[in-house]
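Input: a single structure, listed below in C-alpha coordinates.
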Amino acid sequence: MRTADQSQMEIALRAHFRRERCLAGRSEGHAAAVAALAAAAASEAGARDAGMGGLVRAAVKFFPRVFWAAPIAVVALAFALVLSGIPASQAEAALAASGPVLVAACLAGVVRARSYCMQELEASCLRNAVSVVCVRFMVFGGATFLALAFACAVYASVVSAGAAVAYALAPYLVSAAGGLMFARKASSADASIAAVAWSAGVCAFCLLLKVAMPAAYEAAALWIWAVVSAASVLWCAREVFGWLHLCVQGGIAPGGAGRVDALRMIRS
(Lines give C-alpha, C1' and ligand atoms only; values in the text may rest on other atoms or scores of the structure.)
Protein backbone atom coordinates (compact mmCIF):
# COMPACT_ATOMS: atom_id res chain seq x y z
CA MET A 1 0.00 0.00 0.00
CA ARG A 2 1.32 3.42 -0.96
CA THR A 3 1.93 6.09 1.63
CA ALA A 4 -0.77 8.36 0.20
CA ASP A 5 -3.37 5.57 0.24
CA GLN A 6 -2.42 4.65 3.81
CA SER A 7 -2.80 8.26 4.94
CA GLN A 8 -6.24 8.52 3.31
CA MET A 9 -7.34 5.30 5.02
CA GLU A 10 -6.18 6.57 8.42
CA ILE A 11 -8.06 9.85 7.89
CA ALA A 12 -11.20 7.97 6.89
CA LEU A 13 -10.99 5.67 9.92
CA ARG A 14 -10.51 8.58 12.31
CA ALA A 15 -13.52 10.33 10.85
CA HIS A 16 -15.60 7.15 11.07
CA PHE A 17 -14.80 6.50 14.74
CA ARG A 18 -15.36 10.18 15.56
CA ARG A 19 -18.87 9.93 14.11
CA GLU A 20 -19.49 6.70 16.01
CA ARG A 21 -18.53 8.32 19.30
CA CYS A 22 -20.80 11.28 18.64
CA LEU A 23 -23.74 9.02 17.76
CA ALA A 24 -23.16 6.78 20.78
CA GLY A 25 -23.09 9.79 23.10
CA ARG A 26 -26.48 11.02 21.83
CA SER A 27 -28.21 7.62 21.88
CA GLU A 28 -30.90 7.07 24.47
CA GLY A 29 -29.81 5.17 27.54
CA HIS A 30 -26.13 5.32 26.59
CA ALA A 31 -24.99 6.71 29.94
CA ALA A 32 -27.13 4.19 31.83
CA ALA A 33 -25.71 1.31 29.76
CA VAL A 34 -22.14 2.42 30.41
CA ALA A 35 -22.84 2.73 34.15
CA ALA A 36 -24.41 -0.74 34.23
CA LEU A 37 -21.42 -2.28 32.45
CA ALA A 38 -19.01 -0.57 34.83
CA ALA A 39 -20.96 -1.82 37.86
CA ALA A 40 -21.04 -5.36 36.47
CA ALA A 41 -17.29 -5.31 35.84
CA ALA A 42 -16.61 -4.04 39.35
CA SER A 43 -18.81 -6.69 40.95
CA GLU A 44 -17.18 -9.44 38.91
CA ALA A 45 -13.71 -8.23 39.89
CA GLY A 46 -14.78 -8.18 43.53
CA ALA A 47 -16.14 -11.69 43.26
CA ARG A 48 -12.90 -12.94 41.76
CA ASP A 49 -10.81 -11.26 44.46
CA ALA A 50 -10.74 -13.93 47.15
CA GLY A 51 -8.38 -11.98 49.38
CA MET A 52 -4.94 -13.01 50.54
CA GLY A 53 -5.99 -16.64 50.88
CA GLY A 54 -7.01 -16.77 47.25
CA LEU A 55 -3.76 -15.13 46.20
CA VAL A 56 -1.74 -17.70 48.16
CA ARG A 57 -3.70 -20.57 46.61
CA ALA A 58 -3.16 -19.11 43.15
CA ALA A 59 0.57 -18.75 43.79
CA VAL A 60 0.82 -22.38 44.88
CA LYS A 61 -1.29 -23.53 41.94
CA PHE A 62 0.67 -21.72 39.25
CA PHE A 63 4.16 -22.09 40.72
CA PRO A 64 6.24 -24.72 38.84
CA ARG A 65 5.55 -28.09 40.41
CA VAL A 66 9.18 -29.07 40.00
CA PHE A 67 9.94 -26.60 42.81
CA TRP A 68 8.43 -28.91 45.39
CA ALA A 69 10.93 -31.61 44.42
CA ALA A 70 13.80 -29.59 45.95
CA PRO A 71 12.48 -29.30 49.56
CA ILE A 72 11.27 -32.89 49.50
CA ALA A 73 14.60 -34.13 48.12
CA VAL A 74 16.66 -32.20 50.68
CA VAL A 75 14.67 -33.55 53.64
CA ALA A 76 14.49 -37.10 52.24
CA LEU A 77 18.24 -37.10 51.54
CA ALA A 78 18.95 -35.94 55.08
CA PHE A 79 16.95 -38.83 56.53
CA ALA A 80 18.55 -41.33 54.16
CA LEU A 81 22.12 -40.20 54.90
CA VAL A 82 21.66 -40.14 58.66
CA LEU A 83 20.02 -43.57 58.70
CA SER A 84 22.88 -44.94 56.60
CA GLY A 85 25.41 -43.79 59.21
CA ILE A 86 26.96 -40.85 57.36
CA PRO A 87 30.16 -39.46 58.95
CA ALA A 88 30.22 -35.91 60.27
CA SER A 89 32.41 -34.61 57.45
CA GLN A 90 29.93 -35.68 54.78
CA ALA A 91 27.01 -34.35 56.82
CA GLU A 92 28.72 -30.94 56.91
CA ALA A 93 29.11 -30.94 53.13
CA ALA A 94 25.48 -31.96 52.67
CA LEU A 95 24.34 -29.14 54.95
CA ALA A 96 26.40 -26.56 53.07
CA ALA A 97 24.99 -27.73 49.74
CA SER A 98 21.35 -27.92 50.86
CA GLY A 99 20.83 -24.16 51.17
CA PRO A 100 21.96 -23.19 47.64
CA VAL A 101 19.92 -26.02 46.13
CA LEU A 102 16.77 -24.83 47.88
CA VAL A 103 17.40 -21.20 46.98
CA ALA A 104 18.04 -22.04 43.32
CA ALA A 105 14.67 -23.79 43.08
CA CYS A 106 12.89 -20.96 44.90
CA LEU A 107 14.39 -18.06 42.94
CA ALA A 108 13.94 -19.82 39.61
CA GLY A 109 10.21 -19.47 40.19
CA VAL A 110 10.18 -16.15 42.04
CA VAL A 111 12.11 -14.20 39.40
CA ARG A 112 10.71 -15.92 36.33
CA ALA A 113 8.16 -13.12 35.84
CA ARG A 114 11.11 -10.89 34.97
CA SER A 115 12.56 -13.56 32.66
CA TYR A 116 9.30 -13.63 30.72
CA CYS A 117 8.91 -9.81 30.85
CA MET A 118 5.67 -10.11 32.82
CA GLN A 119 6.41 -7.77 35.71
CA GLU A 120 5.00 -4.74 33.89
CA LEU A 121 1.75 -6.64 33.32
CA GLU A 122 1.65 -7.84 36.94
CA ALA A 123 2.14 -4.25 38.13
CA SER A 124 -1.10 -3.23 36.39
CA CYS A 125 -3.28 -6.02 37.81
CA LEU A 126 -5.69 -5.90 40.74
CA ARG A 127 -3.09 -7.73 42.81
CA ASN A 128 0.00 -5.96 41.58
CA ALA A 129 3.53 -7.28 41.18
CA VAL A 130 4.55 -6.29 44.71
CA SER A 131 1.66 -8.25 46.27
CA VAL A 132 2.41 -11.26 44.10
CA VAL A 133 6.13 -11.34 44.84
CA CYS A 134 5.49 -10.87 48.57
CA VAL A 135 3.24 -13.93 48.52
CA ARG A 136 5.87 -15.86 46.56
CA PHE A 137 8.54 -14.94 49.09
CA MET A 138 6.25 -15.84 51.98
CA VAL A 139 5.11 -19.21 50.62
CA PHE A 140 8.17 -20.52 48.81
CA GLY A 141 10.81 -18.79 50.88
CA GLY A 142 9.04 -20.15 53.94
CA ALA A 143 8.87 -23.63 52.41
CA THR A 144 12.59 -23.70 51.64
CA PHE A 145 13.51 -22.32 55.06
CA LEU A 146 11.30 -24.93 56.75
CA ALA A 147 12.91 -27.70 54.69
CA LEU A 148 16.36 -26.43 55.68
CA ALA A 149 15.31 -26.37 59.34
CA PHE A 150 14.12 -29.98 59.08
CA ALA A 151 17.41 -30.97 57.48
CA CYS A 152 19.37 -29.28 60.27
CA ALA A 153 17.30 -31.10 62.89
CA VAL A 154 17.97 -34.43 61.17
CA TYR A 155 21.71 -33.84 60.79
CA ALA A 156 21.91 -32.66 64.43
CA SER A 157 22.23 -36.31 65.43
CA VAL A 158 25.56 -36.38 63.54
CA VAL A 159 26.74 -32.75 63.80
CA SER A 160 26.13 -30.42 66.72
CA ALA A 161 23.00 -28.31 66.37
CA GLY A 162 24.90 -25.01 66.33
CA ALA A 163 27.30 -26.23 63.66
CA ALA A 164 24.45 -27.61 61.56
CA VAL A 165 22.65 -24.26 61.61
CA ALA A 166 25.83 -22.34 60.80
CA TYR A 167 26.85 -24.59 57.89
CA ALA A 168 23.36 -24.50 56.41
CA LEU A 169 22.27 -20.92 57.05
CA ALA A 170 25.27 -19.00 55.69
CA PRO A 171 25.21 -20.55 52.17
CA TYR A 172 21.41 -20.28 52.13
CA LEU A 173 21.39 -16.54 52.85
CA VAL A 174 24.35 -15.77 50.58
CA SER A 175 22.64 -17.65 47.74
CA ALA A 176 19.35 -15.81 48.29
CA ALA A 177 20.90 -12.35 48.50
CA GLY A 178 23.30 -12.79 45.59
CA GLY A 179 20.69 -14.51 43.46
CA LEU A 180 18.26 -11.62 43.85
CA MET A 181 21.01 -9.11 43.17
CA PHE A 182 22.13 -10.76 39.93
CA ALA A 183 18.54 -11.39 38.82
CA ARG A 184 17.85 -7.68 39.30
CA LYS A 185 20.99 -6.48 37.53
CA ALA A 186 20.95 -8.99 34.66
CA SER A 187 18.90 -8.49 31.52
CA SER A 188 15.28 -9.59 31.78
CA ALA A 189 15.72 -12.78 29.77
CA ASP A 190 18.68 -13.87 31.91
CA ALA A 191 17.18 -13.21 35.36
CA SER A 192 16.41 -16.83 36.24
CA ILE A 193 19.69 -18.07 34.79
CA ALA A 194 21.65 -15.51 36.80
CA ALA A 195 19.93 -16.47 40.06
CA VAL A 196 20.42 -20.20 39.54
CA ALA A 197 24.02 -19.75 38.37
CA TRP A 198 24.91 -17.77 41.50
CA SER A 199 23.39 -20.45 43.76
CA ALA A 200 25.29 -23.14 41.87
CA GLY A 201 28.50 -21.16 42.33
CA VAL A 202 27.93 -20.83 46.08
CA CYS A 203 27.24 -24.57 46.32
CA ALA A 204 30.42 -25.41 44.39
CA PHE A 205 32.47 -23.00 46.51
CA CYS A 206 31.26 -24.59 49.76
CA LEU A 207 32.10 -28.07 48.54
CA LEU A 208 35.54 -26.98 47.30
CA LEU A 209 36.13 -25.27 50.63
CA LYS A 210 35.37 -28.56 52.36
CA VAL A 211 37.96 -30.34 50.22
CA ALA A 212 40.67 -27.67 50.14
CA MET A 213 40.29 -26.26 53.67
CA PRO A 214 38.73 -28.82 56.03
CA ALA A 215 39.65 -26.56 58.95
CA ALA A 216 36.93 -24.13 57.82
CA TYR A 217 34.36 -26.69 59.02
CA GLU A 218 35.91 -27.20 62.44
CA ALA A 219 34.47 -25.89 65.70
CA ALA A 220 37.04 -23.09 65.87
CA ALA A 221 35.71 -21.58 62.63
CA LEU A 222 32.05 -21.53 63.62
CA TRP A 223 32.23 -17.86 64.51
CA ILE A 224 33.18 -17.06 60.91
CA TRP A 225 30.07 -18.85 59.65
CA ALA A 226 28.01 -16.94 62.23
CA VAL A 227 29.43 -13.59 61.08
CA VAL A 228 28.74 -14.49 57.43
CA SER A 229 25.17 -15.44 58.35
CA ALA A 230 24.57 -12.17 60.21
CA ALA A 231 26.00 -10.07 57.38
CA SER A 232 23.99 -12.05 54.84
CA VAL A 233 20.75 -11.29 56.69
CA LEU A 234 21.33 -7.58 56.12
CA TRP A 235 22.39 -8.16 52.52
CA CYS A 236 19.35 -10.34 51.86
CA ALA A 237 16.99 -7.75 53.36
CA ARG A 238 18.53 -5.08 51.13
CA GLU A 239 18.14 -7.22 48.01
CA VAL A 240 14.53 -8.11 48.85
CA PHE A 241 13.77 -4.39 49.14
CA GLY A 242 15.55 -3.79 45.83
CA TRP A 243 13.51 -6.52 44.15
CA LEU A 244 10.27 -5.05 45.47
CA HIS A 245 11.33 -1.65 44.17
CA LEU A 246 12.00 -3.21 40.77
CA CYS A 247 8.50 -4.71 40.81
CA VAL A 248 7.03 -1.27 41.51
CA GLN A 249 8.82 -0.04 38.37
CA GLY A 250 7.26 -2.83 36.32
CA GLY A 251 10.49 -4.80 36.02
CA ILE A 252 12.38 -1.97 34.31
CA ALA A 253 15.82 -1.59 35.87
CA PRO A 254 17.18 1.90 36.59
CA GLY A 255 18.43 3.36 33.34
CA GLY A 256 16.37 0.89 31.37
CA ALA A 257 13.38 3.14 30.78
CA GLY A 258 15.29 5.17 28.20
CA ARG A 259 16.26 2.06 26.31
CA VAL A 260 12.66 0.82 26.33
CA ASP A 261 11.38 4.16 25.01
CA ALA A 262 14.05 4.15 22.31
CA LEU A 263 13.05 0.66 21.22
CA ARG A 264 9.39 1.66 21.08
CA MET A 265 10.24 4.69 18.93
CA ILE A 266 12.30 2.52 16.57
CA ARG A 267 9.52 -0.07 16.25
CA SER A 268 6.88 2.59 15.66
Side-chain angles (χ1 to χ4, degrees), residues 63-64 66-79 81-82 86 88-112 133-134 136-156 158-184 191-210 213 216-217 221-243:
F63 203 77
V66 69
F67 159 80
W68 301 107
I72 294 172
V74 167
V75 175
L77 182 64
F79 276 107
L81 292 178
V82 170
I86 184 176
S89 60
Q90 296 181 15
E92 292 165 354
L95 279 165
S98 296
V101 170
L102 291 169
V103 170
C106 180
L107 291 186
V110 170
V111 308
R112 67 176 184 153
V133 79
C134 285
R136 287 172 181 160
F137 279 134
M138 179 180 65
V139 174
F140 306 111
T144 56
F145 191 81
L146 186 62
L148 193 66
F150 271 114
C152 289
V154 174
Y155 286 118
V158 180
V159 185
S160 66
V165 172
Y167 298 147
L169 193 59
Y172 177 87
L173 293 172
V174 170
S175 298
L180 285 174
M181 182 188 72
F182 283 107
R184 178 169 52 86
S192 297
I193 297 174
V196 173
W198 171 259
S199 297
V202 173
C203 181
F205 175 78
C206 291
L207 295 178
L208 288 175
L209 187 65
K210 178 64 180 175
M213 295 181 61
Y217 286 83
L222 282 180
W223 67 272
I224 299 177
W225 292 87
V227 170
V228 172
S229 299
S232 298
V233 169
L234 301 178
W235 184 21
C236 193
R238 178 180 181 275
E239 294 304 327
V240 168
F241 178 79
W243 188 260

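We number each residue from 1, following the sequence as shown. Quick caveat, the model's predicted, so the values are computed rather than measured.
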Looking only at heavy atoms, which two atoms of [X] and [Y] are closest? And how far apart?
X	Y	answer
Ala176	Leu107	O-CD1, 4.0 Å
Ala143	Phe67	CB-CZ, 4.3 Å
Trp243	Leu180	CE3-O, 4.1 Å
Cys106	Thr144	CB-CG2, 3.9 Å
Leu81	Ala94	CD1-CB, 4.2 Å
Val158	Ala88	CG1-CA, 3.6 Å

For this session: Take atom CZ of Phe145 as the centre, draw a 6.0 Å sphere, and report whether it contains more than 12 heavy atoms from other residues, nucleotides or ligands.
Result: no
Less than 3.5 Å apart, which donor and acceptor atoms pair up between the side chains of residues 224-236 and the rest of the protein, not counting sequence neighbours?
from	atom 1	to	atom 2	distance (Å)
Trp225	NE1	Ala216	O	2.7
Ser229	OG	Ala170	N	3.4
Ser229	OG	Trp225	O	2.9
Ser232	OG	Val228	O	2.6
Trp235	NE1	Glu239	OE2	3.2

Acceptor/donor pairs from residues 193-210 side chains to any protein atom, 3.5 angstrom cut, sequence neighbours excluded:
from	atom 1	to	atom 2	distance (Å)
Trp198	NE1	Val174	O	3.0
Ser199	OG	Ala195	O	3.3
Lys210	NZ	Glu92	OE1	2.6

Exercise. Do side-chain atoms of Tyr217 reach the backbone of Ser89 as a donor and acceptor pair under 3.5 angstrom?
Worked result: no
For this session: State, yes or no, whether a side-chain contact exists between Tyr155 and Tyr167 at a heavy-atom distance under 4.5 Å.
Result: no
Determine all donor-acceptor pairs shorter than 3.5 Å in which one atom belongs to a side chain in residues 68-79; sequence neighbours excluded.
none

